[in-house]
Amino acid sequence: MTDIFVVRNQLGHYWGKSKAWVDGSVPRLVMRTQHEDDAINTLFELSSKDVELRGEVIASVLTERGDPVIEPSQIPLLEDPELEDEHTNPECQDETQASINA
């Protein structure tokens with residue numbers, strides 16, 4: 001019997017309780033719902049914000065500790081895009097440096 005549902009993306013990452021993607025290596029951090037329609041609604045909201053998202057709702061059971069039984073992703077999580085822009089975009093670095101010097 002299925003106890004819960006989780007949302008997984010095309011990279012095998014799971015939607016976390018902290019409203020960010022997690023790799024599933026720590027199952028207690030993965031958002032889970034008791035009802036499939038709640039997970040589908042979450043996936044719909046996520047895909048409306050990210051048109052490149054290819055996700056799915058996965059049925060899972062809970063361990064005795066209450067954690068979902070899931071397979072961790074083999075693909076590492078990407079860095080936060082905002083942080084990545086600051087490190088790679090010279091304009092952001094100039095603005096950051098200007099605000100520090102001011």
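Note that the structure is a prediction, hence the values are computed from the model and not measured. Numbering of residues begins at 1 and proceeds along the displayed sequence.
- In terms of heavy atoms, I70 sits closest to S60 at CG2-OG, 4.3 Å.
- Under the rule for a side chain to side chain contact (heavy atoms under 4.5 Å, CB included), the partners of L46 that lie at least two apart in sequence or sit in another chain are V7, W15, W21, T42, L53.
- Under the salt bridge (Lys or Arg N to Asp or Glu O under 4.0 Å) criterion, no residue pair touches residues 20-37, with sequence neighbours excluded.
- For Y14 (side chain) and S25 (main-chain N/O), no donor-acceptor pair under 3.5 Å exists by modelled atom type.
- Using a 4.5 Å cut-off between side-chain heavy atoms of Ile, Leu, Val, Met, Phe, Trp and Tyr, with links allowed through other members, V57 and M31 fall into the same hydrophobic cluster.
- Under the side-chain contact (heavy atoms from CB on, under 4.5 Å) rule, V30 has a single partner from I4, D67, V22, I58, which is V22.
- Here the closest non-hydrogen pair linking G12 and S73 is O-CB, 3.3 Å.
- Hydrophobic cluster membership for L11: I75 (Ile, Leu, Val, Met, Phe, Trp, Tyr linked by side-chain heavy atoms under 4.5 Å, directly or transitively).
- Within the structure, every pair that satisfies the side-chain hydrogen bond (donor to acceptor under 3.5 Å, both in side chains) test and touches residues 49-59, not counting sequence neighbours, is listed here: R8-E56.
- Hydrophobic clustering (ILVMFWY, side-chain heavy atoms < 4.5 Å, transitive): L29 and L77 are in distinct clusters.
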